[in-house]
Amino acid sequence: MEQKAYSIRVKGKVQHVGFRYHAREAARRFGVCGFIRNEPDGSVYAEVEGKTVAVELFCKWCRKGPDWARVDHTNLVEIPLQNFESFTIKG
């Protein structure tokens, strides 16, 4: 099965709304690995990898986020596989 990896930057009201914790649950649900962290500019940054369909589902989830978040923009960039073993919250 083909694997993909993406870096994802999410902008909007995405800090202090549980975005990273809900993203971790979404990652577990879809079966992707990687990490997510808050950035100083108020955005959230993640790197994820896994089966192509699973990564696409996670990216789709990031475009909406949890109910109380407001996603204004997402930027996806395909990156080389990183061989992550789990999905973690950093920072």
Side-chain angles (χ1 to χ4, degrees):
M1 180 121 333
E2 189 172 333
Q3 302 262 313
K4 291 263 186 188
Y6 281 96
S7 69
I8 307 165
R9 184 170 306 277
V10 185
K11 295 184 177 183
K13 184 183 174 192
V14 293
Q15 290 190 13
H16 310 294
V17 294
F19 196 101
R20 294 173 299 157
Y21 299 94
H22 287 278
R24 182 175 59 193
E25 292 306 310
R28 288 179 179 157
R29 193 166 59 244
F30 299 132
V32 299
C33 296
F35 70 86
I36 191 164
R37 68 178 180 233
N38 284 339
E39 294 290 286
D41 67 359
S43 67
V44 172
Y45 176 80
E47 291 184 7
V48 297
E49 68 184 18
K51 294 178 183 173
T52 300
V53 171
V55 171
E56 288 171 356
L57 287 169
F58 182 83
C59 291
K60 182 178 178 182
W61 180 90
C62 285
R63 289 186 184 102
K64 184 180 182 301
D67 290 341
W68 39 89
R70 187 193 74 244
V71 176
D72 295 333
H73 180 74
T74 55
N75 185 45
L76 306 174
V77 177
E78 191 167 356
I79 60 174
L81 293 173
Q82 306 293 313
N83 298 312
F84 294 117
E85 296 182 4
S86 63
F87 190 89
T88 58
I89 295 172
K90 293 186 175 183

Inset, instruction - Would you confirm whether Gln15, through its side chain, and Ser43, through its main-chain N or O, come within 3.5 Å as a donor-acceptor pair? - result: yes
With a cut-off of 3.5 Å and sequence neighbours excluded, list every side-chain donor-acceptor pair involving residues 50-69.
from	atom 1	to	atom 2	distance (Å)
Thr52	OG1	Glu2	O	3.2
Trp68	NE1	Val17	O	2.2

Inset, instruction - Examine distances only and state if a side-chain atom of Glu49 and a backbone atom of Phe84 form a donor-acceptor pair shorter than 3.5 Å. - result: yes
Legend entry - salt bridge (charged side-chain N to carboxylate O under 4.0 Å, His left out) partners for Arg20, two or more places apart: none
Inset, instruction - Take atom CD of Glu78 as the centre, draw a 6.0 Å sphere, and report whether it contains more than 12 heavy atoms from other residues, nucleotides or ligands. - result: yes
Inset, instruction - Mind checking the OG1-CZ spacing from Thr88 to Arg24? Nearest 0.5 Å is all I need. - result: 9.0 Å
Inset, instruction - Could you tell me the separation between the CZ atom of Arg29 and the NE2 atom of His22, rounded to the nearest 0.5 Å? - result: 10.0 Å
Legend entry - hydrophobic_cluster_shared for Phe87 and Ile79, side chain cutoff 4.5 Å: no
Legend entry - Glu85 side chain to Asn83 backbone, donor-acceptor under 3.5 Å: no
Inset, instruction - Treating Ile, Leu, Val, Met, Phe, Trp and Tyr as nodes and any side-chain heavy-atom pair under 4.5 angstrom as an edge, say whether Phe19 and Ile89 lie in one connected cluster. - result: yes
Legend entry - Within one Ile-Leu-Val-Met-Phe-Trp-Tyr cluster: Tyr21 and Val10, side-chain cutoff 4.5 Å: yes
Inset, instruction - Please report the shortest heavy-atom distance between Arg9 and Glu39, naming the atom on each side. - result: NH1-CG, 3.3 Å
Inset, instruction - Measure across Ala23 and Ile36 and return the closest heavy-atom pair with its distance rounded to 0.1 Å. - result: CB-CD1, 3.6 Å
Inset, instruction - Indicate, with yes or no, if Phe30 and Leu76 share a hydrophobic cluster defined by side-chain heavy-atom contacts under 4.5 Å among Ile, Leu, Val, Met, Phe, Trp and Tyr. - result: yes
Legend entry - Option from Ile8, Thr74, Val14, Val71 for which side chain to side chain contact (heavy atoms under 4.5 Å, CB included) with Val44 holds: Val14
